[in-house]
Amino acid sequence: DLTAPSDIQTGVIDAGTTGALTLTSGGSFLATSTQSAPNLRGGAIAIDTGDTNSPTTTGLTIESHDTLTVTGNGLAIDGSSLSATASGTGTITLQAPLTGTNAATITLTSSTGDVRVEQPISTDTGAIEITAAVDIDQAATGLLSTDSADITLIATTGNITMDVAASTMSTGGDVSYQAGDTITVGLINVGNANNVILSAGAAITDTSDSAADVVANLATITVAGSVTLDTEVTLIDITTSATGNVSIDETDDLTITQIITSDGSIDVNSGSSIDVVLVRSDTTGHAVDLTATSDIQTGVIDAGTTGALT
């Protein structure tokens, strides 16, 4: 247990795999070692900082064999990387911001538990990667943002759940969410030049508000269940591999490169035009319903031999 009224600077602090490690700094927390060993290793690790006025420039590696909690004013990384892993009970809880500048990357991995993002994670040109063995929860205040890099979230066996007010934003990179179970989308916004990839072992759904959930050039969605989203995209590509309907409410012009359901209906509404390359429901009588306030141009629309086509 280390407590200081100002900054804490450290090379390596090693409490083994079971010893609790608590760092309380009235100022910043700075790593001063670039060696391969973790800067911080312990059982449960708790970091509380008073400010981030002095960002770490040598990178920071944290290895927890229990829970990892960051509170206070968070951690700042300048020009290197922050890598944090948790095993054992394995939950990572961010109750304070993580900030990366000068291409610093931020990687969080829980090999056995959850990751809870309750405060912002931001970089300028460095990638953000979050992996959880079970769930990833993104609170309303858990903004994920980068100026020109990719953001990747993977919940290996569980859910990715965004609060209705939660946002993930990249102005120059793609965003990928992959979940073994469901994905609930607040807002993922990559502008009109970048892409969003969503992949789920169950349903992909929105948070029931009327605002756009996905803003992108291309949204590619692969799901073993239903899809219900409000979009503001140029292109959309959806494939389902299990029972579930597809419902898309698009703000303006939409090109459907493909929507193919395994066992479900297809309902697409556009606030402007729809240009279809391929829309195909299964052959067991599920309907296809396309509605546009302007033109509908079609390549192939296939509702099978019994599905209603509107």
Side-chain angles (χ1 to χ4, degrees), residues 1-2 8 10-25 29-31 33 35-49 52 56 58-77 80-100 104-123 126-139 141-144 151-163 166 168 176-181:
D1 189 339
L2 301 180
I8 293 178
T10 180
V12 173
I13 302 175
D14 189 349
T17 59
T18 58
L21 176 56
T22 303
L23 302 174
T24 305
S25 168
F29 178 81
L30 299 91
S33 172
Q35 65 185 58
S36 59
N39 300 104
L40 304 177
R41 185 173 75 144
I45 297 178
I47 302 171
D48 181 62
T49 59
T52 55
T56 290
T58 60
L60 176 60
T61 303
I62 304 170
E63 181 184 304
S64 168
H65 292 262
D66 199 316
T67 59
L68 170 62
T69 305
V70 180
T71 57
N73 283 307
L75 299 170
I77 310 297
S80 187
S81 64
L82 185 155
S83 176
T85 61
S87 57
T89 55
T91 298
I92 297 176
T93 304
L94 297 180
Q95 298 176 335
L98 303 180
T99 304
T105 61
I106 296 176
T107 304
L108 306 177
T109 305
S110 173
S111 61
T112 55
D114 304 335
V115 177
R116 299 169 184 162
V117 182
E118 300 177 7
Q119 289 294 315
I121 302 176
S122 63
T123 67
I128 297 172
E129 298 182 8
I130 301 173
T131 302
V134 190
D135 297 331
I136 298 174
D137 295 325
Q138 190 174 344
T141 49
L143 170 66
L144 303 179
I151 299 174
T152 303
L153 271 64
I154 302 172
T156 306
T157 63
N159 308 305
I160 298 176
T161 304
M162 300 179 71
D163 184 88
T168 296
S176 175
Y177 276 32
Q178 304 169 47
D181 203 338

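Keep in mind it's a predicted model, so treat the numbers as computed, not measured.
Side chains of T168 and Y177: a donor-acceptor N/O pair is present below 3.5 angstrom, by distance only. Side-chain atoms of E118 and T141 include no donor-acceptor pair closer than 3.5 Å.
T99 OG1 to L75 CG: the interatomic distance, rounded to the nearest 0.5 Å, is 9.0 Å. The OG1 atom of T91 sits 5.0 Å away from atom CG of D114, with the distance rounded to the nearest 0.5 Å. Separating the OG atom in S176 from the CD1 atom in I154 is a distance of 6.5 Å, to the nearest 0.5 Å. Rounding to the nearest 0.5 angstrom, the gap separating the CD1 atom in I8 from the OG1 atom in T24 is 7.0 Å. To the nearest 0.5 Å, atom CD1 of residue I92 and atom OG1 of residue T69 are 9.5 Å apart. The OG1 atom of T10 sits 10.0 Å away from atom CG of L30, with the distance rounded to the nearest 0.5 Å.
Evaluation of the side chain to side chain contact (heavy atoms under 4.5 Å, CB included) rule for S87 yields H65, S111 as partners, not counting sequence neighbours. Partners of A104 under the side chain to side chain contact (heavy atoms under 4.5 Å, CB included) rule, at least two apart in sequence or in another chain, are I77. Here A44 pairs with D66, T67 under the side chain to side chain contact (heavy atoms under 4.5 Å, CB included) rule; sequence neighbours left out. Every residue was checked against the side-chain hydrogen bond (donor to acceptor under 3.5 Å, both in side chains) condition with N73, not counting sequence neighbours, and none meets it. T123 pairs by the side chain to side chain contact (heavy atoms under 4.5 Å, CB included) definition with I106, I128, T146, not counting sequence neighbours.
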Derivation and outcome, side chain to side chain contact (heavy atoms under 4.5 Å, CB included), residues L68 and T93
CA-CA 6 Å; L68 170 62; T93 304; over 6 Å; no

Taking it one step at a time, do D48 and T71 satisfy side chain to side chain donor-acceptor pair (under 3.5 Å)?
CA-CA 5 Å; D48 181 62; T71 57; 2.8 Å; yes

Let me see the working for T109 and T107 under side chain to side chain contact (heavy atoms under 4.5 Å, CB included), right down to the final yes or no.
CA-CA 7 Å; T109 305; T107 304; 4.0 Å; yes

Side chain to side chain contact (heavy atoms under 4.5 Å, CB included) for L108 and L94? Distances and angles first, verdict last.
CA-CA 10 Å; L108 306 177; L94 297 180; 3.4 Å; yes

After noting the C-alpha distance and the side-chain angles of D163 and D137, does the key distance pass the side chain to side chain contact (heavy atoms under 4.5 Å, CB included) rule?
CA-CA 8 Å; D163 184 88; D137 295 325; over 6 Å; no

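At least one donor-acceptor pair closer than 3.5 Å links the side chain of D135 to the backbone N or O of N159. A side-chain donor-acceptor contact under 3.5 Å links T157 to the backbone of A133. With N39 contributing its side chain and G11 its backbone, the two residues share a donor-acceptor pair below 3.5 Å.
Between I130 and I121 there is a side-chain heavy-atom pair separated by less than 4.5 Å. Taking 4.5 Å as the limit, every side-chain heavy atom of T131 sits out of range of all side-chain heavy atoms of I136. Considering only heavy atoms from C-beta on, S110 comes within 4.5 Å of V115 through its side chain. Annotation: side chain of I45 is in contact with side chain of I62 (closest heavy-atom distance under 4.5 Å).
Heavy-atom minimum distance, A31 versus G59: CB-O, 3.3 Å. Summarising the geometry of T112 relative to V134, their closest heavy-atom pair is O-CG2, 3.8 Å, with the distance given to 0.1 Å. Minimum heavy-atom separation, A132 to G113: CB-O, 3.6 Å. The two residues A179 and G158 make their nearest non-hydrogen contact at CB-O, 3.5 Å. The two residues T56 and F29 have their closest heavy-atom pair at OG1-O, 3.2 Å. Minimum heavy-atom separation, A15 to L21: CB-CB, 4.4 Å.
The salt bridge (charged side-chain N to carboxylate O under 4.0 Å, His left out) analysis of residues 11-24, with sequence neighbours excluded, yields the pairs D14-R41.
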